[in-house]
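Data block below; observations after.
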Amino acid sequence: MGWSMGKAIRTWAMAAALLASFAASAQRVEGDRAQAEGAYSAEVPVGGQSENERNGAMARALAQVLAKMSGDRAAAGRPGVGQELRRAKDYATGYDYRQDEGVSQVTGAPTFQTTLVVNFDQEKVENLAATLGLPIWPQPRPKPVLWLAIDDGSGPRLVGLGQANAARAALNRAVERGYRLGLPSGSAAEQASAGAIWRGDAAAVARASARYSPPMQLIGKLYRVKSGGWKGDWSFVDGGKVLASWNLTDPDARKVMAGGADGAADALMKRYAKRSVSGTPGTYRIVFTGVRSADDYIRLAGYLQGLAVVRKIVPIRATPESVEFDLDLLSGLPGFKRMTDAGDTLVGLEGLEGQPPVFQLH
């Protein structure tokens with residue numbers, strides 16, 4: 001009569017497993033798909049679900065987020081960023097996988113692609129940007145109207161909402177760069193704007209766009225060239241003022257359209273992104289206390305070499321309990337303090353005015 005203790009434990013274990021299984025499945029309703037949402041999430045294709053594959057993919061995802069957040073497509077190549085990309089998992093709040101099914105254009109056979117979706121901590125990412133001196137393009141962001149006329153040999157025609165797929169390359173690239181483009185309705189009156197686009201009359205296009213908000217237009221004309229490729233003449237207008245004009249040529253019309261969205265993002269970032277307040281790059285002398293052994297010294301040196309803001313370390317002086325280094329800092333003392341405050345290896349101490357700052361090794 002009654003259960004043995006062993007049977008009871010096994011029963012509780014099975015119940016706990018069932019509850020855990022239910023909790024995991026309850027995170028997503030059937031039919032939901034994991035996907036990146038917002039400026040602080042990203043998705044990247046992966047070849048598998050191993051830890052090494054995931055860590056590399058997280059680095060690429062964080063590079064995407066930094067590019068979207070700053071508006072700077074070269075953000076991943078800025079000084080100090082590469083070091084932090086290798087620690088991308090420390091900035092993540094969670095991740096998930098998605099399986100995408102397609103069809104091979106060569107064989108017609110089904111294809112499958114695994115995608116990793118990563119969500120990052122907004123505060124940590126913005127703190128990283130501030131530490132490394134990256135710009136931050138604030139939210140919410142404007143949604144310029146794309147006035148695109150295409151001539152494939154039969155005369156220029158305006159791309160309106162009903163022909164959105166024709167401009168899909170530009171619309172998708174804008175999302176990748178952290179903003180969105182709108183399209184005009186494509187009414188008969190607006191179709192007449194194709195002529196204004198073709199003759200480069202940005203003022204006429206701006207007047208036609210007055211019913212839309214904000215008063216920003218990405219204006220492009222796309223046409224075939226004798227070489228057999230495509231050319232795009234682009235301009236970006238904000239409040240009636242042309243901020244930028246550029247031309248692109250490529251055999252692939254989609255790349256020319258994507259380049260239009262890139263140019264608009266660059267113009268918007270240049271005008272609206274704000275650089276974080278950081279210190280002046282240079283060499284600073286810093287005292288580190290609590291260094292009582294060779295092991296302490298090695299631990300401190302290794303920690304400093306791992307900080308993205310530290311470009312060079314030069315030992316100056318050592319005492320039985322402290323060392324002095326000259327550190328070449330990417331964003332000055334504020335950037336160094338912001339990065340050390342994020343960990344528990346060094347603690348800043350009150351120093352004397354006019355003397356080098358002091359940090360204690362824990």
Side-chain angles (χ1 to χ4, degrees), residues 36-42 58-94 118-142 176-179 265-286 288 303-313 325-351 356-360 362:
E37 296 181 357
Y40 295 88
S41 63
M58 280 190 172
R60 299 195 299 275
L62 181 56
Q64 281 187 31
V65 167
L66 288 172
K68 286 193 293 184
M69 181 205 68
S70 65
D72 181 359
R73 66 177 109 175
R78 300 302 181 195
V81 174
Q83 237 173 298
E84 292 304 298
L85 292 182
R86 292 191 286 273
R87 299 178 51 243
K89 65 180 181 181
D90 295 339
Y91 293 91
T93 58
V118 190
N119 297 312
F120 292 96
D121 185 296
Q122 178 175 345
E123 184 178 353
K124 285 185 178 180
V125 172
E126 290 186 353
N127 190 51
L128 172 63
T131 300
L132 300 182
L134 293 176
I136 295 179
W137 185 3
Q139 302 276 0
R141 295 177 180 176
E176 291 172 9
R177 292 296 303 273
Y179 74 109
D266 292 342
L268 283 165
M269 188 268 286
K270 185 176 181 180
R271 181 157 192 173
Y272 294 104
K274 303 184 189 310
R275 289 206 170 268
S276 305
V277 177
S278 59
T280 305
T283 300
Y284 296 84
R285 184 158 300 182
I286 302 177
F288 298 95
Y303 172 76
L304 294 175
Q305 288 170 356
L307 294 180
V309 293
V310 178
R311 296 185 289 197
K312 187 179 179 181
I313 304 172
F325 289 150
D326 276 352
L327 301 184
D328 182 4
L329 300 177
L330 179 66
S331 52
L333 286 171
F336 180 76
K337 189 172 188 311
R338 188 180 286 115
M339 191 155 272
T340 55
D341 283 348
D344 56 5
T345 301
L346 291 175
V347 176
L349 303 178
E350 291 292 333
V358 180
F359 289 80
Q360 184 173 15
H362 269 198

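Worth knowing before you read on, the calculation uses all heavy atoms, side chains too, and leaves out hydrogens, waters and symmetry mates. Not measured: the values here are computed from a predicted model.
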Say you draw a straight line from [atom1] of [X] to [atom2] of [Y]; how long is it, rounded to the nearest 0.5 Å?
X	Y	atom1	atom2	value
D344	H362	CG	NE2	8.5 Å
L132	E84	CG	CD	6.5 Å
L329	I313	CG	CD1	9.5 Å
Y91	F120	OH	CZ	10.5 Å
K89	R87	NZ	CZ	10.0 Å
F288	L304	CZ	CG	4.5 Å

Below 4.5 Å, heavy atoms only, C-beta onward: do [X] and [Y] meet side chain to side chain?
X	Y	result
Y272	R141	no
V118	M58	yes
R285	D326	yes

Side chain [X], main chain [Y], donor-acceptor under 3.5 Å:
X	Y	answer
Q83	Q305	yes
T280	G332	no
T93	D121	no

Quiz: residues 63-72 side-chain donor-acceptor pairs under 3.5 angstrom, not counting sequence neighbours:
unit_1, atom_1, unit_2, atom_2, d
Q64, NE2, E43, O, 3.3
K68, NZ, G38, O, 3.2
K68, NZ, S41, O, 2.7
S70, OG, L66, O, 2.7
S70, OG, D72, N, 3.1
D72, OD1, A74, N, 2.9
D72, OD1, R78, NH2, 3.3
D72, OD2, R78, NE, 2.8
D72, OD2, R78, NH2, 3.0

*Is a salt bridge present between K124 and D90, judged by a nitrogen-to-oxygen distance below 4.0 Å?*
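Answer for the salt bridge query: no.
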_N-O pairing of K312 and D328 below 4.0 Å_ = no
Nearest heavy-atom neighbours spanning [X] and [Y]:
X	Y	value
G282	R311	N-NH2, 4.0 Å
W137	R177	CZ3-O, 3.9 Å
L333	I286	CD2-CD1, 3.8 Å
I136	A129	CG1-CB, 4.2 Å
L268	P142	CD2-CG, 4.0 Å
A308	G80	CB-O, 3.2 Å

*asked:* Determine whether L62 and V125 satisfy the following criterion, side-chain contact (heavy atoms from CB on, under 4.5 Å), listing intermediate values before the conclusion.
replied: CA-CA 9 Å; L62 181 56; V125 172; 4.2 Å; yes
*Plane angle bin for F336 and F359 - parallel if under 30°, tilted between 30 and 60°, otherwise perpendicular*: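 F359 and F336: perpendicular rings.
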*Determine, step by step, whether L307 and T340 satisfy the side-chain contact (heavy atoms from CB on, under 4.5 Å) criterion, reporting the C-alpha distance in whole Å, the side-chain angles of both residues, the deciding distance to 0.1 Å, and the verdict.*
CA-CA 8 Å; L307 294 180; T340 55; 4.0 Å; yes
